[in-house]
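One structure below.
Below, all heavy atoms of this structure are taken into account, side chains as well, without hydrogens, waters or symmetry copies. We name chains A, B, ... by the order of the sequence lines, and we start the count at 1 in each one.
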Number of protein chains: 2
Amino acid sequence: MSVPLLEQLVEAFRVLPGVGQKTAQRMAYHVLERGRDGGRRLAEVLGEAVEKIGHCERCRDFSETPLCPTCASASRDAHLLCAVESPADRLAIEQATGYRGLYFVLQGRLSPLDGIGPRELGLHTLGERLAEGEVQELIIATNPTVEGEATAHYLAQLARQHGVRPSRPAHGLPLGGELEYVDRGTLSHAFGSRGEMP
Amino acid sequence: MSVPLLEQLVEAFRVLPGVGQKTAQRMAYHVLERGRDGGRRLAEVLGEAVEKIGHCERCRDFSETPLCPTCASASRDAHLLCAVESPADRLAIEQATGYRGLYFVLQGRLSPLDGIGPRELGLHTLGERLAEGEVQELIIATNPTVEGEATAHYLAQLARQHGVRPSRPAHGLPLGGELEYVDRGTLSHAFGSRGEMP
Ligand SMILES: [Zn+2]
Ligand SMILES: [Zn+2]
């Protein structure tokens with residue numbers, strides 16, 4: 001006899017971050033007992049999302065179109081470009097600050113030991129973009145980790161090579177904290193009082 | 001323009017228990033960044049589960065077949081029947097104990113104010129089953145809440161009407177628990193029903 005569907009469902013929920021056996025069971029039972037419509041909807045949207053959501057060819061953020069809505073928008077300030085490690089970091093800045101410039105999502109950070117170099121982070125395309133001459137300031141919002149710092153220094157060099165001023169959100173971000181989890185107020189303040197990179 | 005698929009996905013994850021906006025975002029990004037295969041699988045199994053998993057017509061537990069594997073099994077002891085409030089309670093007993101009898105899943109507890117009476121809990125079918133004469137003992141494993149207690153007393157009466165012996169799991173101090181941290185009700189009950197030391 002094949003594995004019961006309910007067991008398959010519990011196992012499938014474990015793909016989600018922080019979801020162990022017990023939580024996965026609770027999720028499966030909850031959906032079956034009280035959330036079948038929501039479960040049906042989640043199944044549909046999730047199935048569609050994993051097939052259709054790719055990356056914006058300009059900023060590398062998640063996008064279902066070749067160019068994401070932000071890159072395609074005429075109302076953003078193209079003189080400002082903000083480099084972040086992940087889509088979650090980009091979303092945190094977008095939601096917490098009044099930033100109206102554009103983004104570049106590295107989808108990682110420099111990590112030679114893991115084989116993640118400039119090419120893996122799309123820095124050749126970032127270089128080409130900086131060479132276009134429209135960007136005047138590159139706001140480097142990597143995380144305050146060793147690898148994030150190394151990445152920031154690499155990006156600052158790249159910016160200067162193309163006559164672009166590198167800057168960073170002001171100190172005030174808690175040391176060792178992931179940018180994604182910083183409270184809005186701190187993030188907004190740090191972003192607003194960013195300083196030029198030495 | 002329609003709502004972006006990514007926002008729809010975040011919203012859809014919120015059907016899961018204990019999942020707020022922030023956690024839903026993390027789940028969506030995690031699946032897209034590192035778990036597309038798992039996400040595809042979850043979408044498929046979830047979609048199939050909400051359509052195909054119904055209730056066993058004999059014990060009311062979740063089942064994809066008219067009779068669940070436990071009820072259909074010839075190796076369970078049909079003289080013992082255990083009544084529980086939910087499929088999760090049934091699973092906890094099945095996983096923690098060596099119980100080899102059968103189950104009856106109430107899918108709730110008596111709650112007149114919410115319109116949940118004997119009929120909603122399937123107690124007419126439970127009565128018919130007890131009348132068949134095969135069940136000798138009804139183990140009542142409802143939760144120790146006011147409504148769970150009321151349900152337990154109703155079930156005990158029903159059992160006696162059909163000449164079936166009602167029983168309950170023992171209440172007392174949890175094994176390995178510090179006495180200091182046990183709730184008052186449990187401690188009081190355990191103290192009052194103390195037994196002679198062997
Ligand atoms: Zn873009
Ligand atoms: Zn059954």
Side-chain angles (χ1 to χ4, degrees), chain A residues 1-2 4-19 22-55 61-65 68-69 86-89 91-92 95 107-108 180-181, chain B residues 1-19 21-55 61-65 68-69 86-89 91-92 95 107-108:
Chain A
M1 193 186 155
S2 63
L5 206 42
L6 185 56
E7 279 178 37
Q8 291 182 45
L9 180 58
V10 171
E11 192 56 37
F13 269 125
R14 298 191 58 180
V15 71
L16 301 177
V19 175
K22 202 83 186 173
T23 306
Q25 271 174 16
R26 273 184 50 227
M27 287 177 167
Y29 283 141
H30 178 92
V31 165
L32 292 173
E33 278 170 24
R34 290 188 295 275
R36 295 225 181 197
D37 285 344
R40 200 172 285 117
R41 166 104 187 119
L42 174 57
E44 284 166 8
V45 175
L46 179 57
E48 206 183 334
V50 296
E51 300 310 333
K52 292 192 186 166
I53 295 181
H55 295 279
D61 191 15
F62 290 130
S63 178
E64 19 178 340
T65 44
C68 76
S86 73
D89 292 342
L91 183 69
Q95 288 179 341
Q107 301 282 2
E180 176 181 357
Y181 297 108
Chain B
M1 192 185 155
S2 64
V3 179
L5 205 44
L6 184 57
E7 280 178 37
Q8 291 181 46
L9 180 58
V10 171
E11 191 56 38
F13 270 125
R14 299 192 57 180
V15 72
L16 301 176
V19 174
Q21 179 69 15
K22 202 82 187 173
T23 305
Q25 271 174 16
R26 272 183 51 225
M27 288 176 166
Y29 283 139
H30 178 91
V31 166
L32 292 173
E33 278 170 25
R34 291 188 293 276
R36 295 226 180 196
D37 285 344
R40 199 173 285 118
R41 166 103 187 120
L42 175 57
E44 284 166 9
V45 175
L46 180 56
E48 206 183 333
V50 295
E51 300 308 333
K52 292 191 185 166
I53 295 181
H55 295 278
D61 191 15
F62 290 129
S63 178
E64 24 179 335
T65 44
C68 76
S86 71
D89 292 341
L91 184 68
Q95 288 178 340
Q107 300 283 3

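- Taking both residues in full, the closest heavy atoms of A:D61 and A:Q107 are given as CA-NE2, 4.3 Å, listed atom of the first, atom of the second, then distance.
- For the set A:L16, A:V19, A:T65, the entry with the most heavy-atom pairs within less than 4.5 Å of chain B is A:L16.
- Interface remark: B:F13 contributes backbone and side-chain atoms alike to the contact with chain A (heavy atom separation under 4.5 Å).
- Proximity to chain B is limited to the side chain of A:Q25, based on heavy atoms less than 4.5 angstrom apart.
- Ranked by heavy-atom pairs under 4.5 Å with chain A, the list B:A88, B:A43, B:G18 is led by B:A43.
- Residues forming a side chain to side chain donor-acceptor pair (under 3.5 Å) with B:T23 (at least two apart in sequence, or on another chain): none.
- Atom CG of B:L46 sits about 11.5 Å away from atom CE of A:M27, to the nearest 0.5 Å.
- Interface residue A:Y29: backbone and side-chain heavy atoms are both found under 4.5 Å from chain B.
- Counting heavy atoms from C-beta on, the side chains of B:H55 and B:C68 never come closer than 4.5 Å.
- Nearest approach of A:E64 to B:L5, heavy atoms of both residues: OE2-N, 2.6 Å.
- Put simply, of B:S86, B:A28, B:A49, B:S63, the one with the most heavy-atom pairs under 4.5 Å next to chain A is B:A49.
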Listing, residues 30-38 of chain B side-chain donor-acceptor contacts under 3.5 Å, not counting sequence neighbours, or none:
unit_1	atom_1	unit_2	atom_2	d
B:H30	ND1	B:R34	NH2	3.3
B:H30	NE2	A:V15	O	3.4
B:R36	NE	B:L32	O	3.0
B:R36	NH1	A:V50	O	3.1
B:R36	NH1	A:I53	O	2.5
B:R36	NH2	A:I53	O	2.8
B:D37	OD1	B:R40	NH1	2.9

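- Between chain A and the options B:G39, B:G54, B:G47, heavy-atom pairs under 4.5 Å are most frequent for B:G39.
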